[in-house]
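First up is the structure itself, then whatever we jot down about it.
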Amino acid sequence: MTGRTMRRTVPTYRPHTESIINEWMDYRRALREKDREVFDELMFKARLHSSAGSYTAHLDPVATMFLSILLEMQKEVRDLKAPRRKESERDDDRPNP
């Protein structure tokens with residue numbers, strides 16, 4: 001293989017993600033302004049895991065984007081539950097009267 005370069009057969013995840021997001025721009029424009037802000041937040045979440053997405057080139061990139069969004073949303077849910085969980089643990093540690 002001397003003198004030959006290897007070519008990618010699958011587009012890299014990051015540019016592919018951006019092209020998918022660009023395809024959804026008509027949908028975004030049709031949303032109300034508040035919903036556009038949420039849409040943009042979701043697309044940001046999809047971009048956060050581009051490095052991991054690069055390892056899933058064999059999968060549907062939209063599915064990987066949605067999984068990235070779900071991952072970030074689950075982290076937010078976990079963070080919102082954390083204070084209540086700590087409070088519940090403190091209540092469990094109190095002696096019964």
What residues, two or more places apart in sequence or in another chain, satisfy side-chain contact (heavy atoms from CB on, under 4.5 Å) together with Asp60? Val62, Ala63
Check whether any side-chain heavy atom of Thr64 lies under 4.5 Å from a side-chain heavy atom of His49, and answer yes or no. no
Can you check whether Asp40 reaches Phe44 side chain to side chain, under 4.5 Å on heavy atoms? no
Please identify each residue that fulfils salt bridge (Lys or Arg N to Asp or Glu O under 4.0 Å) with [X], with sequence neighbours left out.
X: Glu18; answer: Arg47
X: Glu76; answer: Lys45
X: Lys75; answer: Glu72

Is it the case that one hydrophobic cluster holds both [X] and [Y], taking links as side-chain heavy atoms less than 4.5 Å apart, direct or via other members?
X: Leu80; Y: Val38; answer: no
X: Leu42; Y: Val77; answer: no
X: Met43; Y: Tyr13; answer: yes
X: Ile20; Y: Leu71; answer: no
X: Ile69; Y: Met25; answer: yes

Rounded to the nearest 0.5 Å, the NE2 atom of His16 sits from the CD1 atom of Ile21 at a distance of 11.0 Å
Rounded to the nearest 0.5 Å, how far does CE of Met65 lie from OG of Ser50? 8.5 Å
Between Pro83 and Asp79, the two heavy atoms sitting closest are CD-O, 3.3 Å
For Asp26, all residues meeting side chain to side chain donor-acceptor pair (under 3.5 Å), sequence neighbours excluded: Arg29
Which residues share a side chain to side chain donor-acceptor pair (under 3.5 Å) with Asp35, sequence neighbours left out: none
Ring-plane angle category for Phe39 and Trp24, please: parallel below 30°, perpendicular beyond 60°, tilted otherwise. perpendicular
